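Working notes, beginning with the structure itself.
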Amino acid sequence: MVTFTNLTRAPEIGANSYLIQKGESSVMLDAGMHPRRDGWDATPLLDQIPQDLDAIILSHAHHDHIGALPLVSQAHPHAKVFMTSATAALAEPLLHNSVNVMTRQRRELGRMDYPLYTHRTVDDSAVTWELAPLNRPFRADSSSELEFVFHDAGHVLGSVLTEIRAEERRALYTGDLNLQRQSLMLPCQTPTGPFDTLIMETTRGAQPAIPGQDRAYFEEELLTAIRTTFERGGAVLMPVFAMGKTQEVITLLHHARLAGKIPSAPVYIGGLGRAMTEVYDRQRTLAPRQHANFRLIPEAQPETFDPRRLPSLRLRAGHIYLLSAGMMTPKTTSHTIARLFFPREHDSILFVGYTEPSSPAGLLRKAGQGGTVDWGEQGGSLPVRCEVRHFDLTAHATREDLLRWVTEDIKPSRVLLVHGDPDAQSWFASALAASRPGMEIVQPPPGLPIPLFRKLS
Ligand SMILES: [Zn+2]
Ligand SMILES: [Zn+2]
C-alpha cells in the first residue's frame, strides 16, 4: 500500500510537508517553514520522517515549502533533493537569506534558539540537490517503487505540480498553483486526467470570486491608483515578497509605462528582490513564462534601494518603492519606510498580495486612511493619513477555477485537502461533495499515515 502522511502540525497554511511511502521507499513532498510561527514550532513534524528517507521533492521556492529543507537534509544527508532549475536558483539565496534573518532575530530579539540552521547547513544541503526537468519521469534511485513527473504550476518561476506514480496508479500534488495568467507567469499546464488521487492546495477556499473583479480588473485599478497618486504629487509604497510578486509587479509597471498608462517613474526594489529578479532573467528560457525574451533588469531598469538611506530619505513625487516584506514584518524595509508615508496625505501604500490579518500589513489595511495603527517600538500608535488600498493580484487559483479544474480536468476519485485554513478546507470539502457525490474527500490529520489511493473495490 502507498501511504500519505501530513507532516504539518495543523490544518492551515503552515509548514507544508508531506510524506509518501511504499515498501522501502519514502519520499517527502516539500519541507516548509510556517510563516507565522517562530522557532521549532514553525517546523514540520521532523521526528516523523523515517531515518532512511530517499528523497525530498520541492514544488517551488517559497518559504512555506522550502524553509525547513536544510534541517531535513542535515538529519537525512543521503536523501536526494529534486526540483526544477529555477527553483534551485531561487532557493539557494532565499535559504541563505533566512539564515541572515534568523541571526538578526537572535541578536535583536534575544532568540537564543536562532538560527535554526547556518550557512554551512544550507551549503551542505545544496550539494544533494538534483535538477529535474518538466514532463520527464524520475525516481530517487532505479529500484524505487515511486516515480514522479513535474508539470508547470504557473504560480512563481519554477513552480510545479508533482505527479506521483505507484502501483500503476497516479496521484497529483498541486503545491501552489494558478489557473489564470499573471503579469509574467502563464497558467498551469494541466496534465491529462483522470488521476486517482489529488493532493490539493486550498488557499483561497474562504474567498468567493466577485464577478467582474478578475486579474485584468485589479491590474487596471492598481494602475489608476498609481496614476492618481502621481497626479497629486505623491509617492507609492508597495510592500511585496522579494520573489514572485516583485517580478510580477515590475513586469506590469513596465508594460503599463510602454502603453502610456502610467508616466515613466523610478521603481526601487530591495537587494534580495534584485537578486531574485536576476534569477528570473537568467532562467527565463528554462521555465514557462509570458514575454520569454523580456529581461526585467535591463529593460524595466528597477533601481536598487539601499536601506542605509532610510534615516535621511526624503520621499519624492512619482517614485515607486517596491519593497519587502509583503507582510511588513518589523525591521524589514517596507515596515521602516512606511512611517515616512503615514503622515503624507498625497502618498499611497498599495497592497497587491495576501496580508495575514494579525501582521503589520494586515493591521495597516484594517486601520486604513484616517485610522491609527500600532507600529511597534518607539512609534507606538501612529495616525495613517496616506491612502491605503488593496488589489488582489493573486498567484493562487480562485476557488471557483479550482473546483472546475478538479471536476472537469483532474477527475480524481480521492481528494486530500491541504495548504488552507480550516474554513477554506471546509468550503472545498462541501463544494466537491456537492459536485461529485462519489468522490472521497479527506482532510489528512497531522502525523497519521493514511492510504494515498482509494481502496480498490
Ligand atoms: Zn507559494
Ligand atoms: Zn504555499
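Every value quoted in this text rests on a predicted model; they were computed, and no experiment measured them. For ligands, and for the atoms within them, numbers begin at 1 and follow the listed sequence.
Electrostatic pairing of R181 and E219 counts as a salt bridge here, judged by a charged N lying under 4.0 Å from a carboxylate O. A salt bridge is defined here as a Lys NZ or Arg NE, NH1 or NH2 lying under 4.0 Å from an Asp or Glu carboxylate O, and R36 with D421 meets this definition.
The atom of H419 that is an N, O or S and sits closest to the Zn ion (ligand 2) is NE2.
Protein contacts to the Zn ion (ligand 1) involving N, O or S atoms at a distance below 2.8 Å are H60 NE2, H62 ND1, H155 NE2, D176 OD2.
Below 30°, between 30° and 60°, or above 60°: for Y268 and H319 the angle between ring planes is between 30° and 60°, a tilted geometry.
Side-chain rings of H255 and F294 approach one another, their centers coming within less than 6.0 Å. Aromatic pair Y18/Y173: ring centres closer than 6.0 Å.
A donor-acceptor contact shorter than 3.5 Å is absent between the side chain of T174 and the backbone of L161.
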